[in-house]
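To keep things clear, I will list the structure first and then write my remarks on it.
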Amino acid sequence: TQTVSQSDAHVTVFEGDSVELRCNYSYGGSIYLSWYIQHHGRGLQFLLKYYSGNPVVQGVNGFEAEFSKSDSSFHLRKASVHWSDSAVYFCAVSYTGYQNFYFGKGTSLTVIP
Amino acid sequence: EAAVTQSPRNKVAVTGGKVTLSCNQTNNHNNMYWYRQDTGHGLRLIHYSYGAGSTEKGDIPDGYKASRPSQENFSLILELATPSQTSVYFCASGDGGQGRAETLYFGSGTRLTVL
């Protein structure tokens, strides 16, 4: 079974803190990984993706993620969060590059000003 | 301006009624998708399409039909709506193809309540 797991349903930090949102996937073959952000009442917006090359990928608004094949992980990080980063973050995995993206259940990030 | 537009934004339907959710994209993407979002489940794929005239079943297609009459438009149809289909529905277009990892572009969602 192909799955993606986000172990933290909720994360709360203060503005200026660093944050890491975790994502783990199952499957050992070719894989495409993405992170999306959803602000309250809005659709999802793309943050970044990995499919080959440098395992550390940069995204919008200072976010980055690191792919680890050995840990089956693709954790999202930001060095210094802003209150506007408060949102739900979804990790998505595809084993074909398109069509069947499997989304995690999301991590709700709350940034306290 | 929004490249993926869904209508209506909100819909209340009665059990057994027919519901059509519409999606229009101006990205000129071949791929389009319908997802539903429920608390505790994340997003689940209902139907998708590779282009005009094509529809494919996703992970949870039962009770839903899809129609892709043109590159721009992709509809989700509930012939006989049930309360279990109360959810938020998202349409997305995707720029994938030729082995390129796809980026999805989502609409703002349709909140459907079936009474």
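Throughout, a chain's letter reflects where its sequence line sits, starting with A, and its residues are numbered from 1.
- When the side chains of ILVMFWY residues are joined at heavy-atom separations under 4.5 Å, either directly or via intervening members, A:L109 and A:V60 end up in a single hydrophobic cluster.
- Under a hydrophobic-cluster definition in which Ile, Leu, Val, Met, Phe, Trp and Tyr are linked whenever side-chain heavy atoms come within less than 4.5 Å, directly or via other members, A:F63 and A:V4 are assigned to the same cluster.
- No part of A:Q6 comes within reach of chain B, as not one of its non-hydrogen atoms sits under 4.5 angstrom from that chain.
- Scanning all heavy atoms of the two residues, the minimum distance from A:F46 to B:T103 falls at CG-CG2, 3.5 Å.
- Residues B:W34 and B:Y50 do not share a hydrophobic cluster, defined by chaining ILVMFWY side chains whose heavy atoms lie under 4.5 Å apart.
- Annotation: B:R111, atom CZ; neighbour count of heavy atoms from other residues, nucleotides and ligands within 6.0 Å does not exceed 12.
- Between B:E102 and A:S34, the shortest heavy-atom contact is O-OG, 4.4 Å.
- There is no contact between B:D38 and chain A, counting heavy-atom distances below 4.5 Å.
- One hydrophobic cluster, built from ILVMFWY side chains closer than 4.5 Å, holds both A:L76 and A:L33.
- Contact record, B:Q37 with A:F90: NE2-CZ, 3.2 Å, taken as the closest heavy-atom pair.
- Using a distance-only test at 3.5 Å, with no hydrogens or angles considered, no donor-acceptor pair links the side chain of B:Y33 to the main chain of A:F101.
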